[in-house]
Amino acid sequence: MKSMLAELRECFSAALETAFGERGRGIDPLVKPSSDTKFGDYQCNVAMSLGKSLAMKPREVAERLVEGVSQVLSRGQPWFFVQIDGPGFVNIRLRREYLEELLSSIPAEQADDRLGVMPATAAQRQTVVVDYSSPNVAKELHVGHLRSTIIGDTICRVLGFCGHDVIRQNHLGDWGTQFGMVILGIWHIFAGRKRGEPAGWLEQGTTELAAAQQTSDKAVLDWLARTYAQQEKDLAADLEGREFEKFLREYVPTLDELLPAYRFVNAVETAAEKTGFDRTAEGKRIPLSAVSNYVVKMLQEGGEQNRQEREAWRLSIRASLDACNALYRRLGVLLVDEDVRGESFYHEMLAGVVEELKGRLATPTGAGDARAVCRLDKGAVCVFLEKPDGAPMFKGAQGDPLPMIAQKSDGAYLYSTTDLAAALFRISHPQRNRVEVTSRALADALAAKGGGLGADRILYVVGEQRLHLQMVFATIDALGWKRRAGRPDVDLEHVAFGWVLGDDHKPLKTRTGENVKLRELLDESERRARALIDENDAKRAELGLEALSEEEKRDIALAVGIGSVKYADLSQNRTTNYVFNWEKMLAMQGNTAPYLMYAYARIRSIHRKAASGAATAGAVLALTEPVEIALGKHILQLGETLEIVAHTLAPNLLCEYLYGLAAAFMRFYETCPVLQAGDEKTRASRVRLCDLAARTLRVGLGLLGIRAMERM
RNA sequence: GCGCCCGUAGCUCAGUUGGAUAGAGCAGCGGAUUUCUAAUCCGCUGGUCGCAGGUUCGAAUCCUGCCGGGCGCGCCA
């Protein structure tokens, strides 16, 4: 079935046309849920705004509209009542029989779990590319990745449920300049093993260097000199890289081993740069501060002589992905290896992208709101974005035009270039949407990658890159990549989000000022959830409830712990910052995961007990008490909620819906006995209503990636 | 300096494309229970929606200016 809201919109659209003919056609009827239940269930606010354009009193418009409605409704069974109120509000109250009918029509759980929500029609159906999570290789996931990962995941689930084709893309940072350091780090691990260094020697080295920095410049220079000498010796011992290559064939790195090595290299190079070490010592083949840059060049050159670098790179990606996947599984996030299309994937397209920019944007080009021109500036390939009047779209600190740089003066490509390549790959499709490019190199590279994904909509779930994305989007617009003959433009959206803050209202950090590791955050949450569960064990015994097994308690702790962290995040407005607070997110009261999960467990408890009694599958649903009507109505609003979430990409609206649903159930539960209902018919009806409420909660929580537990 | 985001109850936050008397939770106060899981429910108290103008039938929401906070502003991602 369609959502009640959609049905009402259709009905009022038709009524507008009936009442006002041509002038009433194509007007949004402005139907929405009522601001207050005393005004009914929904309201139509179109009369006030229409009064002006029709030169009529709003009240009169409303009266004619209501007449139109009754004509439309006269074709069938009336399913709602209308009443004009105030300046011209049309208040809508749904008939109880209609609600009962809709609820009854929801198929049994065995048939499907859509709860009557209709998937998108063929015409509405979109291919949506969702770019989210996107961690960097050789860095551990921290709270900074939390929002992108779980918001992106929820969006994927919701769009998928709504019937769209969702293509998840994990835009892994696997090609940046930091890779020189990672590979060099692996080389240090190799050299250390060969020398027989004890475990943890790289951490110790970093600590020593930090200590030297606290002491004096001289101490730092001495330390660097020793390190450099050792490094030169190790390099000389395996100049051909044969031993290193052999080592790589058998080496299985873990992220835990890679991270200290990376930090070591980073610390050494930073210190060498800062102290001017490279200038003071004679006869160096490569400056100590630039070894990793050199390694990056070797990696990016490719070729037979650099295959060790490539192999080390590959190993570091594998290790990072293993660590990420473990966390994704733990978080209940859908991302898998097949969704990974890192920056390196687009490497072969970059030269073509620059060629395309130079060719297509040689002179100011672009229809719409953005014009772009590509030219060399200080040796770099730059795209200057302009407004239609020729004024620069973006300005620097001195008011000078700020370009998007596609290629550095040293020839290296940047993430802008990669993002353009990725956008082309996502938009283009070998059959559905062949984007025309003039660069042969780009066309060939794209074809070699299969021709692209054919997105109608691309969502960038990334924080903190507004300016960059605006530039990239404007460039794409100017290049004409979004436009499609006979179809709407491809829609590119930056799904931005706010910071996770600590108690001090500053970005959440550990006491030592480091990013909080996601792994440790989840450990803590599970630990706290377990404490809550243990606390309630005693109460369970008092109440004579079935005891939970140790295994069950452990499982519940995981679900509550992870669910609470996710729900706390998803229930916030996506765009604003929020303060992270353990007590609040694990509280049983209010808009929290435990509250919703508890409501579900309570219903399931009824269900288990009812199952032993009379069968209720085909029971007649009768909503008698006000709380029953409220609950039933709420259940039926899942579809329209998801429509809004799919459009606004605001998971907090789904959370709000589920909280309202759980609260409606709790109210029902307080006043309406189910198993002890007065008569068999009422009992059967209520059991069925409970079942629908439980399924709605479970499906809704599922769309947030949160497991509903049978018992708590 | 310029650009973007934010400012709502003591605290943490909601508030779909402008709609009727601005809502939750926590905290505070007061109630309900021989429980279908009290990890609950109900009530009360609490607001110049940062400030000042404007747009209109109507503004927390749109526009302008100011105050306060955050982020960004050429070869990092």
Side-chain angles (χ1 to χ4, degrees), chain A residues 28 30 32-36 38-39 43 45 48-49 51-52 58 85-89 91 134 136 173 176-178 343 377-382 393-410 412 414-416 418 463-468 470 496 498-499 505-507 532-533 535-536 539-540 543 545-546 571-573 575-579 581 583-584 587-592 594-595 597-599 601-610 641 644-645 647-648 650 652-653 655-656 659-660 663 666-667 669-677 686 690 711-712:
Chain A
D28 185 346
L30 299 177
K32 55 195 295 182
S34 282
S35 53
D36 193 312
K38 74 179 175 216
F39 298 130
Q43 58 185 195
N45 299 332
M48 281 85 75
S49 57
K52 192 156 213 176
D85 201 355
F89 293 101
N91 291 332
S134 308
N136 285 317
T177 45
Q178 81 273 23
E343 292 170 344
D377 195 89
K378 293 168 194 156
V381 178
C382 294
M393 210 167 191
F394 306 101
K395 289 183 198 165
Q398 275 73 47
D400 46 326
L402 185 70
M404 187 199 77
I405 300 179
Q407 190 175 18
K408 302 201 312 192
S409 48
D410 68 1
L414 291 140
Y415 75 140
S416 303
T418 305
E464 285 300 295
Q465 293 180 31
R466 192 171 293 271
L467 182 64
H468 163 69
Q470 279 177 359
W499 294 95
H505 288 217
K506 287 179 184 160
L532 271 181
I533 290 156
E535 205 176 290
N536 285 305
K539 288 185 201 161
R540 294 181 65 85
L543 293 168
L545 288 169
E546 220 183 326
S571 60
Q572 299 289 327
N573 182 310
T575 58
T576 53
N577 302 339
Y578 76 92
V579 177
N581 182 293
E583 283 72 32
K584 199 183 152 193
M588 278 309 300
Q589 306 92 334
N591 193 4
T592 65
Y595 180 83
M597 294 170 84
Y598 177 60
R602 266 183 139 181
I603 310 176
R604 295 300 295 168
S605 173
I606 294 174
H607 180 83
R608 276 192 300 275
K609 288 182 173 139
T641 303
I644 294 167
V645 174
H647 179 250
T648 58
N652 66 306
L653 299 180
C655 294
E656 201 168 286
Y659 177 51
M666 293 291 200
R667 260 173 245 130
Y669 185 92
E670 293 290 325
T671 48
C672 297
V674 178
L675 299 174
Q676 278 97 6
R686 286 181 180 167
C690 282
R711 298 200 291 175
M712 271 179 80

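First the proteins, then the strands, lettered A, B, ... as listed; each starts at 1.
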#### Entry: Phosphate OP1/OP2 of B/U21 contacted by A/Lys38 side-chain N/O (<4.0 Å)
no
#### Entry: Complementary nucleotide of B/G19, counting Watson-Crick and G-U pairs under 3.5 Å
B/C57
### Task
Can you tell me, in whole Å, how much space there is between the C1' of B/G50 and that of B/C67?
7 Å
### Query
Looking at A/Lys408, does any N or O in its side chain come under 4.0 Å of the phosphate oxygens OP1/OP2 on B/C76?
yes
### Task
Would you mind telling me which residue lines up with the more 5' stretch of RNA chain B, A/Asp28 or A/Tyr598, judged by nearest nucleotide?
A/Asp28
### Task
Tell whether A/Gln43 reaches the base of B/A20 with its side chain through a donor-acceptor pair below 3.5 angstrom.
yes
### Task
Determine, answering yes or no, if A/Trp499 is stacked on B/G70 under the 5.5 Å centre rule and the 30° plane rule.
no
### Query
So does A/Asn45 get a side-chain nitrogen or oxygen closer than 4.0 Å to the phosphate oxygens (OP1/OP2) of B/A20?
no
### Message
Looking at B/G72, which nucleotide sits across from it as a Watson-Crick or G-U wobble partner, both distances under 3.5 angstrom, or is there none?
### Response
B/C2
### Task
Give the nucleotide from the list B/U12, B/C6, B/U40 with an atom nearest to the side chain of A/Thr576.
B/C6
### Query
Taking only side-chain nitrogens and oxygens of A/Asn652, does any of them come within less than 4.0 Å of OP1 or OP2 of B/G15?
yes
### Query
Donor-acceptor pair under 3.5 Å: do we get one between A/Asn91's side chain and the base of B/A20?
yes
### Query
Using purine N1 to pyrimidine N3 plus N6-O4 or O6-N4 for Watson-Crick, or N1-O2 and O6-N3 for G-U wobble, each under 3.5 Å, what pairs with B/C44?
B/G28
### Task
Tell me whether A/Tyr659 is stacked on the nucleobase of B/A24, counting only the six-membered base ring and applying the 5.5 Å and 30° thresholds.
no
### Query
When you match A/Lys584 and A/Glu343 each to their closest nucleotide on RNA chain B, which lands nearer the 5' end?
A/Lys584
#### Entry: Closest listed nucleotide, where the reference is the side chain of A/Leu675 and the choices are B/U40, B/G19, B/C36
B/C36
### Query
Nearest of B/A20, B/C71, B/C75 to any side-chain atom of A/Ala380?
B/C75
### Query
B/C51 pairs with which nucleotide, Watson-Crick or G-U wobble, both distances below 3.5 Å?
B/G65
### Query
Is the shortest side-chain N/O distance from A/Ser571 to OP1 or OP2 of B/G25 below 4.0 Å?
no
### Message
Is it the case that B/G70 (base atoms only) and A/Asn577 (side chain only) share a donor and an acceptor within less than 3.5 Å, ignoring hydrogens and angles?
### Response
no
### B/C42 phosphate, OP1 or OP2, under 4.0 Å from A/Arg667 side-chain N/O
yes
### Message
If you compare every side-chain N and O of A/His468 against the phosphate oxygens of B/G74 (OP1, OP2), does one of them come in below 4.0 Å?
### Response
no
### Side chain of A/Leu467 (C-beta onward), nearest among B/G15, B/U17, B/G72
B/G72
### Query
Taking C-beta and beyond as the side chain, do A/Gln43 and A/Ser35 meet within less than 4.5 Å on heavy atoms?
yes
### Query
Under 3.5 Å, is there a donor-acceptor pair between the A/Thr575 and A/Asn573 side chains?
yes
### Task
May I ask you to verify if any side-chain N or O of A/Thr575 is less than 4.0 angstrom from the OP1 or OP2 atom of B/C5?
no
Heteroatom pairs (N/O) under 3.5 angstrom, protein to nucleotides 54-60 of chain B:
from	atom 1	to	atom 2	distance (Å)
B/U56	O3'	A/Lys52	NZ	3.4
B/C57	OP1	A/Lys52	NZ	2.8

